Engineer: 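I have a structure I would like to understand better, so I am pasting it below and will then ask my questions one at a time.
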Number of protein chains: 4
Amino acid sequence: MEFKEKKSIYIQIAEYFSDNILKGVWQVEDKIPSVREMAVQLEVNPNTVMRAYALLQERGIIYNKRGIGYFLAPEAEKEVKSMKKDEFISSTLPEFYRMVRLLEIDFEELKEGYREFLEKEAGHEEKH
Amino acid sequence: MEFKEKKSIYIQIAEYFSDNILKGVWQVEDKIPSVREMAVQLEVNPNTVMRAYALLQERGIIYNKRGIGYFLAPEAEKEVKSMKKDEFISSTLPEFYRMVRLLEIDFEELKEGYREFLEKEAGHEEKH
Amino acid sequence: MEFKEKKSIYIQIAEYFSDNILKGVWQVEDKIPSVREMAVQLEVNPNTVMRAYALLQERGIIYNKRGIGYFLAPEAEKEVKSMKKDEFISSTLPEFYRMVRLLEIDFEELKEGYREFLEKEAGHEEKH
Amino acid sequence: MEFKEKKSIYIQIAEYFSDNILKGVWQVEDKIPSVREMAVQLEVNPNTVMRAYALLQERGIIYNKRGIGYFLAPEAEKEVKSMKKDEFISSTLPEFYRMVRLLEIDFEELKEGYREFLEKEAGHEEKH
DNA sequence: GTGGTCTAGACCACC
DNA sequence: GTGGTCTAGACCACA
């Protein structure tokens with residue numbers, strides 16, 4: 001996994017989990033990798049993974065069984081979805097509209113671009 | 001002018017200028033307020049304004065006449081537009097598509113939302 | 001390290017790094033001293049060091065790993081060399097030619113002077 | 001006359017005078033243009049011209065007859081020459097040697113470049 | 001008046 | 001520990 005420059009790493013890790021839950025890759029009650037394991041895999045400081053897990057736990061997406069590990073919460077998918085939706089409405093969408101307006105971009109172009117985006121992603125999926 | 005919590009102030013100041021240039025509020029060769037003046041007006045430290053101006057100068061949006069002040073560069077509008085477009089394509093748009101896809105949002109809804117956004121903005125303009 | 005009066009300190013710090021890279025003292029991927037550390041060592045304010053580092057980063061000579069520190073960029077030497085060469089051609093050389101011409105200096109003398117300069121520098125190196 | 005970005009304007013004005021004296025364009029005891037006249041001609045603030053004249057006077061290159069104007073000092077050429085030589089030795093030359101060494105430039109190339117520089121300048125002179 | 005540099009010291013997010 | 005941002009206040013050169 002590669003990290004983008006701008007966002008903090010622990011946020012990107014948390015998003016990686018959220019996205020996979022939303023995509024249905026992981027199922028409720030699954031055990032998720034331990035902090036140490038994840039840290040090695042991502043080549044990241046364990047503290048950073050810890051922080052990502054703490055964030056997810058705080059939002060009710062995962063929970064902890066002491067001495068055993070972290071698990072996906074029963075409500076995980078619902079939580080993630082509502083969280084993402086809030087984020088989309090309060091942050092992504094306004095910024096998007098603002099830019100479209102400033103740059104006088106045609107909405108139809110964007111629709112076309114989205115179609116291409118979906119195709120490209122479908123291509124990626126097949127690879128796995 | 002109010003500042004958002006997350007973005008650094010000097011970035012927001014720079015964006016405030018960029019946006020106004022794009023909106024045609026300011027014209028090429030206009031003198032922009034002095035560092036100190038702007039600092040008083042925005043209730044921030046002069047250093048912070050200085051930093052915003054330095055950023056804008058570096059990007060060719062404003063230029064300096066020594067001992068006199070800062071002025072909008074001839075290429076200001078072109079520079080801002082190309083800069084914003086790059087940002088949109090490399091950052092805003094991918095994030096937007098990603099979210100739309102994850103949340104399985106209908107594109108027609110967004111189009112409708114955009115129409116409302118424009119109306120709301122038009123309302124704001126009239127107030128001034 | 002001593003600073004000259006005329007040039008700003010942060011520029012001199014940046015040049016100190018550039019020169020050392022060009023001389024091969026530092027190698028690609030080396031970690032460079034932290035901002036605070038450097039500030040103590042040079043007896044300047046951390047902000048001043050920060051400014052120098054920001055300048056070097058902007059020019060692609062160093063890069064940052066968040067929470068860890070600054071490192072020499074893979075392209076550091078190439079960047080520095082092309083930068084210095086540009087500076088030499090656009091600034092140092094024309095000024096030099098202009099002065100030589102005005103003062104009607106013999107080029108052979110300068111060649112001799114350069115030989116002495118190299119010897120003197122070699123002497124300095126041995127001291128270390 | 002156009003001014004370079006980096007050097008302060010009043011220094012550039014002073015250098016413009018020095019250079020012309022050294023080139024023999026102006027002769028001892030010539031009256032030089034009044035501050036106001038010069039300011040209009042150069043499209044510059046009179047204060048700036050004043051500062052340049054003050055600098056030249058301080059160095060014994062021009063002198064002032066009250067109510068009449070500024071004149072080239074008898075020793076003007078000698079003064080300028082010694083001043084420039086000092087500047088060359090203490091500033092231009094060391095910087096030049098330093099760069100030549102860092103960039104590992106061949107001295108013969110520079111000699112060739114100087115020949116071209118002289119030819120180009122000769123061309124310019126003829127135009128006048 | 002203008003910008004530009006620097007210090008001292010604080011606070012924050014991140015790893 | 002790391003960088004990054006910001007404030008307050010000072011001083012300087014320049015037009």
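Please read all numbers here as calculations on a predicted model, not as lab measurements. Letters A, B, ... mirror the listed sequences (proteins, then strands); counts begin at 1. When reading the values below, keep in mind they use all heavy atoms of this one structure, side chains included, and skip hydrogens, waters and symmetry mates.
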Engineer: Figure out the CD/C1' separation between Gln12(D) and dA13(F), and round it to whole Å.
Structural biologist: 15 Å
Engineer: Nearest whole Å is fine: how far is dA15(F) C1' from Asn64(B) CG?
Structural biologist: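 From Asn64(B) CG to dA15(F) C1': 11 Å.
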Engineer: Rounded to whole Å, how long is the line connecting atom NZ of Lys31(C) with atom P of dC15(E)?
Structural biologist: 15 Å
Engineer: What does the 5'-to-3' dot-bracket notation of DNA chain E look like when only Watson-Crick and G-U wobble pairs under 3.5 Å count, and pairs to other strands show as |?
Structural biologist: ||||||||||||||.
Engineer: Taking the side chain of Thr48(D) as heavy atoms from C-beta outward, which of dT7(E), dG3(E), dA15(F) is closest to it?
Structural biologist: dA15(F)
Engineer: For Ser8(D) and dA13(F), is the shortest distance between a side-chain N/O and OP1 or OP2 below 4.0 Å?
Structural biologist: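 For Ser8(D), the contact criterion (side-chain N or O under 4.0 Å from OP1 or OP2 of dA13(F)) is not met.
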Engineer: In whole angstrom, what separates Met38(B)'s CE from dT2(E)'s P?
Structural biologist: 14 Å
Engineer: Atom CG of Leu55(B) to atom C1' of dT5(F): distance rounded to whole Å?
Structural biologist: 14 Å
Engineer: Using the closest heavy atom to pick a nucleotide of DNA chain E for each, name whichever of Ile68(C) or Ile32(B) lands nearer the 5' end.
Structural biologist: Ile32(B)
Engineer: In terms of relative ring orientation, are Tyr53(B) and Tyr70(B) parallel, tilted or perpendicular, with 30° and 60° separating the classes?
Structural biologist: perpendicular
Engineer: Pick the nucleotide of DNA chain E nearest each of Glu43(C) and Tyr70(B); which residue has the one closer to the 5' end?
Structural biologist: Tyr70(B)
Engineer: Does Ile9(B) or Gly67(B) map to a spot on DNA chain F nearer the 5' end, using the closest nucleotide for each?
Structural biologist: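 The residue mapped nearer the 5' terminus is Ile9(B).
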Engineer: Looking at the base of dG3(F), is there any donor atom on it, or on the side chain of Arg36(C), that sits under 3.5 Å from an acceptor on the other one?
Structural biologist: yes
Engineer: Does OP1 or OP2 of dC14(F) have a side-chain N or O of Arg51(D) closer than 4.0 Å?
Structural biologist: yes
Engineer: Search all heavy atoms of Lys31(C) against all heavy atoms of Ser34(C) and return the closest pair with its distance.
Structural biologist: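 Looking at all heavy atoms of both residues, the closest pair is NZ-N, 4.4 Å.
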Engineer: Taking the nucleotide of DNA chain F with the closest heavy atom to each, which residue, Glu37(C) or Lys7(B), is nearer the 5' end?
Structural biologist: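 Checking each residue's closest nucleotide, the 5'-ward one belongs to Glu37(C).
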Engineer: As a quick check of understanding, evaluate side-chain hydrogen bond (donor to acceptor under 3.5 Å, both in side chains) for Tyr63(D) and Glu75(D), giving each step before the final call.
Structural biologist: CA-CA 11 Å; Tyr63(D) 67 95; Glu75(D) 302 285 293; over 6 Å; no
Engineer: Can you give me the closest heavy-atom contact between Glu77(D) and Ile21(D), atom names plus distance?
Structural biologist: CA-CG2, 3.8 Å
Engineer: Check Val80(A), Leu72(A), Ile62(A) against Leu56(A) for a side-chain contact (heavy atoms from CB on, under 4.5 Å) and give me the one that passes.
Structural biologist: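 The option that passes is Ile62(A).
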Engineer: Select one nucleotide: of dC14(F), dG9(F), dG3(F), the one nearest the side-chain heavy atoms of Asn47(B).
Structural biologist: dG9(F)
Engineer: Angle between ring planes, Phe96(C) versus Phe96(D), binned at 30° and 60°: parallel, tilted or perpendicular?
Structural biologist: parallel
Engineer: When the distance from CD1 of Ile13(D) to C1' of dC14(F) is rounded to whole Å, what number comes out?
Structural biologist: 12 Å
Engineer: Determine yes or no for a side-chain-to-main-chain donor-acceptor pair under 3.5 angstrom, with Gln12(D) supplying the side chain and Lys7(D) the backbone.
Structural biologist: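 Side chain of Gln12(D) to backbone of Lys7(D), a donor-acceptor pair under 3.5 Å: yes, one is there.
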Engineer: Rounding to an integer number of Å, can you tell me how far Gln57(C) CD sits from dT5(F) P?
Structural biologist: 10 Å
Engineer: Check every strand shown and say whether Tyr53(C) touches a base, only sugar-phosphate, or nothing at a heavy-atom separation below 4.0 Å.
Structural biologist: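 The answer is nothing, as Tyr53(C) stays clear of every strand by at least 4.0 Å.
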Engineer: Any side-chain N or O of Tyr10(C) less than 4.0 Å from the OP1 or OP2 oxygen of dT5(E)?
Structural biologist: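 For Tyr10(C), the contact criterion (side-chain N or O under 4.0 Å from OP1 or OP2 of dT5(E)) is met.
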Engineer: Given 3.5 Å as the limit, does a donor-acceptor pair link the side chain of Ser90(D) with the main chain of Asp86(D), or not?
Structural biologist: yes
Engineer: Rounding to a whole Å, what distance do you find between Asn45(B):CG and dA8(E):C1'?
Structural biologist: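 Distance, rounded to whole Å: 13 Å.
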